[in-house]
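Okay, so here's the structure we're looking at.
Order of the sequence lines fixes the chain letters, A, B, ..., with proteins taken first and strands second; residue numbering starts at 1 for each chain. Values in this document were obtained by computation on a predicted structure and should not be read as measured data. These numbers come from the heavy atoms of this one structure, side chains and all, not from hydrogens, waters or symmetry mates.
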There are 2 protein chains.
Amino acid sequence: MDLRHLRYFVAVAEEENIGRAAARLHISQPPLTRQIQQLEEELGVTLFIRTPRGMALTQAGELFLEEARNIRALVEQATERTQRAGQGKLGRLDVGIFGSAILDAIPKLLLAFRNRYPDVKVVLHTLTKAEQIEALRQRRITVGFNRMLAPLDDIGVCQVSTEGLLVAIQADDPLARQPVIRFAELQHHPMIVFPTGARPSFIDKVIGLCGTAGFQPSISQEVGDAVTGVALVASGFGVCLVPESATTLQFPGVVYRALADTPPNFFVDLSCIYRKDDQSPLLGAFLETVEDFKKTCPAPLRV
Amino acid sequence: MDLRHLRYFVAVAEEENIGRAAARLHISQPPLTRQIQQLEEELGVTLFIRTPRGMALTQAGELFLEEARNIRALVEQATERTQRAGQGKLGRLDVGIFGSAILDAIPKLLLAFRNRYPDVKVVLHTLTKAEQIEALRQRRITVGFNRMLAPLDDIGVCQVSTEGLLVAIQADDPLARQPVIRFAELQHHPMIVFPTGARPSFIDKVIGLCGTAGFQPSISQEVGDAVTGVALVASGFGVCLVPESATTLQFPGVVYRALADTPPNFFVDLSCIYRKDDQSPLLGAFLETVEDFKKTCPAPLRV
DNA sequence: CCACTCAATACCTGCAAGGTATGATCAAGC
DNA sequence: GCTTGATCATACCTTGCAGGTATTGAGTGG
């Protein structure tokens with residue numbers, strides 16, 4: 001049996017007339033007669049009563065008509081759904097994020113993606129940089145977000161945003177009275193750095209920047225992410241260099257100050273990473289959304 | 001698209017290897033490759049990622065696999081159900097019966113049929129003889145039960161049972177003292193006859209029998225069926241000739257007596273009628289059951 | 001670097017789906 | 001009562017496509 005048989009059968013059952021059904025199917029009458037005969041023979045069931053006025057369904061035929069319509073509808077639905085899945089409009093996207101990613105452009109980006117592709121289920125996984133790369137290779141995630149990514153030959157990178165740095169400082173610190181702090185002035189303040197874990201990372205960036213500014217920071221504490229870092233600033237552990245977007249974190253007793261006399265290469269970037277060999281339409285759809293996102297809202301990211 | 005495509009797709013998805021799938025399908029590898037390519041092209045969706053180790057499903061492929069299995073199961077179920085319907089094991093049988101048919105072999109017969117074909121829904125319609133023939137011609141019923149059927153060229157007849165007659169008589173009637181009553185002795189008793197409605201019928205049989213016995217019955221009342229007839233006997237309206245099976249009706253004050261000196265052609269038959277041109281397997285199954293019924297229980301009908 | 005494993009391609013063959021012409025059957029109409 | 005028209009069935013031809021064999025291409029692992 002064949003889907004063609006079902007199509008033909010339904011047509012004949014609906015027209016109750018082989019000739020008209022054949023016309024509707026754009027074939028001639030004899031092949032249709034034969035296909036119906038074949039179908040009956042294969043099932044071993046008489047589906048139609050041949051009358052001089054046309055074809056009338058038997059009881060078994062009535063039943064088969066229901067089933068055939070059912071099957072045809074299911075086939076149509078299956079192709080439709082599969083095609084949507086093939087266009088990245090339906091399915092599941094696993095995304096790797098890092099600890100404090102929630103402060104950044106990521107939520108806005110994910111929201112934009114969900115609006116465009118409401119039937120794609122986005123699943124977030126909190127993973128370190130190394131874990132993200134591992135997970136990408138094992139296909140456990142499709143995209144990851146991270147900073148300071150070294151190029152790899154099987155992993156593609158797409159920069160999402162760039163931000164400058166601010167210093168988080170206790171409000172009652174003398175330096176905090178200045179609206180802008182010169183970079184070198186941080187020299188004698190104990191510094192909180194993050195993240196612990198996989199290197200190179202934001203921590204190395206900070207240390208490097210201090211180096212180019214001519215001093216070595218006195219590290220008071222290493223913490224896991226920006227949130228903890230700013231919390232420790234509030235507790236008086238020292239100052240902490242954070243990306244601009246961390247201003248979302250409003251801790252009592254902590255203020256953010258812009259820096260002057262900053263070294264070159266002062267910006268940190270947020271990028272998303274993915275398998276270069278991944279042809280998945282979901283990935284394509286996501287990267288497209290990232291590109292559009294960069295075009296439509298670059299401004300808010302530099303605030 | 002084709003059911004073959006689905007079968008092939010499922011095989012490849014399950015084996016994750018075209019060669020093994022081809023072996024399982026008893027075809028060679030290249031046609032299978034082509035069929036999968038065709039399927040992908042027709043859907044416009046990449047279903048598999050070709051790896052050097054074999055074929056891996058894409059997300060869209062995973063989804064399509066579910067759908068394909070679903071469809072294949074539905075097709076299998078549809079053929080199975082249709083075949084059962086085609087063998088008369090599934091469906092609906094509309095049966096025409098007459099008023100007092102409930103007294104007769106019909107309940108036993110219908111019970112036997114339901115035991116054999118539990119998935120056939122039997123629907124009873126109370127119809128007069130003429131209505132039954134009309135309903136058969138319009139296919140509103142598939143079989144009918146009746147007595148005294150004149151042959152018709154489009155209606156087939158199959159005799160179910162034959163019974164003799166008894167007389168229903170008031171218990172305090174002098175005649176009722178005799179264990180057996182001679183037919184001619186009924187001559188001066190008023191007689192209740194049935195049914196009203198379409199002729200020729202049981203009523204004509206009774207009048208005819210009286211004629212051959214040499215008298216004309218004095219008809220006290222015409223009623224619709226045997227039940228009413230016996231009820232009127234209880235009320236003193238007269239005697240009533242009934243088929244043996246009417247002894248099921250036990251009215252207070254009414255006894256049944258056998259008849260002696262009966263005319264020839266004293267028996268009444270119960271037959272079922274059907275369209276001669278009806279090839280329905282349900283009808284075949286029913287008539288078969290009737291035949292078996294006649295074979296297995298002829299005795300109880302003559303009690 | 002070679003052998004091995006897969007999938008893809010090229011090309012051929014045969015069957016079955018589709019087409020045309022015609023037959024068989026029945027109902028309705030002049 | 002024969003004819004006409006409608007309907008499904010049959011006969012026979014043609015062709016497109018499924019399936020086969022042989023081979024190539026690509027990537028992996030010893």
Side-chain angles (χ1 to χ4, degrees), chain A residues 1-43 45-58 61 65 68 137-139 153-154 275-279, chain B residues 1-43 45-58 61 68 72 137-139 153-154 275-279:
Chain A
M1 189 166 47
D2 214 334
L3 291 182
R4 184 187 50 254
H5 287 114
L6 298 186
R7 198 170 76 248
Y8 288 5
F9 169 76
V10 171
V12 173
E14 283 174 358
E15 298 288 346
E16 297 186 320
N17 177 311
I18 289 196
R20 278 201 304 277
R24 187 171 117 183
L25 296 165
H26 307 296
I27 62 173
S28 62
Q29 171 259 315
L32 184 53
T33 294
R34 210 177 10 171
Q35 292 295 318
I36 297 296
Q37 287 172 337
Q38 271 181 22
L39 180 61
E40 288 185 324
E41 194 174 344
E42 188 180 334
L43 289 173
V45 174
T46 305
L47 298 171
F48 291 102
I49 300 161
R50 275 71 171 173
T51 73
R53 318 259 283 283
M55 309 279 277
L57 283 170
T58 61
L65 176 59
R137 291 200 170 123
Q138 294 175 356
R139 296 188 189 277
D153 42 350
D154 58 339
R275 289 175 71 103
K276 274 186 186 159
D277 67 350
D278 191 341
Q279 296 302 310
Chain B
M1 188 166 47
D2 215 332
L3 291 181
R4 185 185 50 252
H5 287 113
L6 298 186
R7 198 170 76 247
Y8 288 5
F9 169 78
V10 171
V12 174
E14 283 174 358
E15 298 288 345
E16 296 186 321
N17 176 310
I18 289 196
R20 278 201 303 277
R24 188 172 116 183
L25 295 165
H26 307 296
I27 61 174
S28 61
Q29 171 257 316
L32 184 52
T33 294
R34 208 178 13 170
Q35 293 294 318
I36 297 295
Q37 287 171 338
Q38 272 180 21
L39 180 62
E40 288 185 324
E41 194 174 343
E42 186 180 335
L43 290 172
V45 174
T46 305
L47 298 172
F48 291 101
I49 300 162
R50 275 71 171 174
T51 73
R53 316 257 283 283
M55 309 279 278
L57 283 170
T58 60
R72 277 167 52 73
R137 291 197 171 124
Q138 294 175 356
R139 295 189 190 276
D153 43 350
D154 58 340
R275 288 175 71 104
K276 275 186 185 159
D277 68 351
D278 190 342
Q279 294 304 309

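- Position along DNA chain C of the nearest nucleotide to B:Gly19 versus A:Ile27 favours B:Gly19 as the more 5'-ward residue.
- Counting to the nearest Å, the C1' atom of C:dG18 and the CD atom of A:Gln35 are 9 Å from each other.
- Under the 4.5 Å side-chain criterion, counting only non-hydrogen atoms from C-beta, A:Phe48 is not in contact with A:Thr58.
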Could you walk me through whether A:Leu39 and A:Tyr8 pass the side chain to side chain contact (heavy atoms under 4.5 Å, CB included) test, one step at a time? CA-CA 10 Å; A:Leu39 180 61; A:Tyr8 288 5; over 6 Å; no
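- Per the geometry, CG belonging to B:Leu32 stands 15 Å off C1' belonging to C:dT9, to the nearest Å.
- Look at CD on B:Glu16: it is 12 Å from P on C:dC6, rounded to the nearest Å.
- Among pairs with a residue in residues 46-56 of chain A, those fulfilling salt bridge (charged side-chain N to carboxylate O under 4.0 Å, His left out) read A:Glu40-A:Arg50, at least two apart in sequence or across chains.
- Between B:Asp154 and B:Arg275 no salt bridge is recorded (no basic side-chain N to carboxylate O distance below 4.0 Å).
- Contact check for A:Met55 versus A:Ile18: side-chain heavy atoms found under the 4.5 Å cut-off.
- Backbone-only contact: B:Tyr8 has heavy atoms under 4.0 Å from sugar-phosphate atoms and none from a base.
- The side chain of A:Pro31 lies closest to C:dG19 when the candidates are C:dA17, C:dG19, C:dA8.
- Taking atom CD on B:Glu40 and atom C1' on C:dA7, their separation rounds to 12 Å, with Å as the unit.
- Rounded to whole angstrom, the span from the CE atom of A:Met1 across to the C1' atom of C:dA16 amounts to 18 Å.
- Mapping A:Arg34 and A:Gly54 onto DNA chain D via the closest heavy atom, the residue that lands nearer the 5' end is A:Gly54.
- Under 3.5 Å, the side chains of B:Gln37 and B:Thr33 contain no donor-acceptor pair of N or O atoms.
- Side-chain N or O atoms of B:Glu42 include one that pairs as donor or acceptor with a backbone N or O of B:Met1 at under 3.5 Å.
- At a threshold of 4.0 angstrom between heavy atoms, the contacts of B:Gln38 are confined to the sugar-phosphate backbone, with no base atom among them.
- Side chains of A:Leu47 and A:Ile36 form no contact here, defined as non-hydrogen atoms less than 4.5 Å apart.
- Using a 4.0 Å heavy-atom criterion, one finds that A:Arg4 contacts the sugar-phosphate atoms exclusively.
- Counting to the nearest Å, the C1' atom of C:dC6 and the CZ atom of B:Phe48 are 14 Å from each other.
- Within 4.0 Å (heavy atoms only), B:His26 reaches sugar-phosphate atoms of the nucleic acid but no base atom.
- Counting heavy atoms from C-beta on, the side chains of A:Phe9 and A:Leu57 come closer than 4.5 Å.
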Counting primed atoms, P, OP1 and OP2 as sugar-phosphate and everything else as base, the B/S/- map of nucleotides 21-30 of chain C against protein heavy atoms under 4.0 Å is B----S----
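- Protein chain B touches strand DNA chain D; the 5'-most and 3'-most nucleotides with an atom under 4.0 angstrom of its non-hydrogen atoms are D:dA18 to D:dT28.
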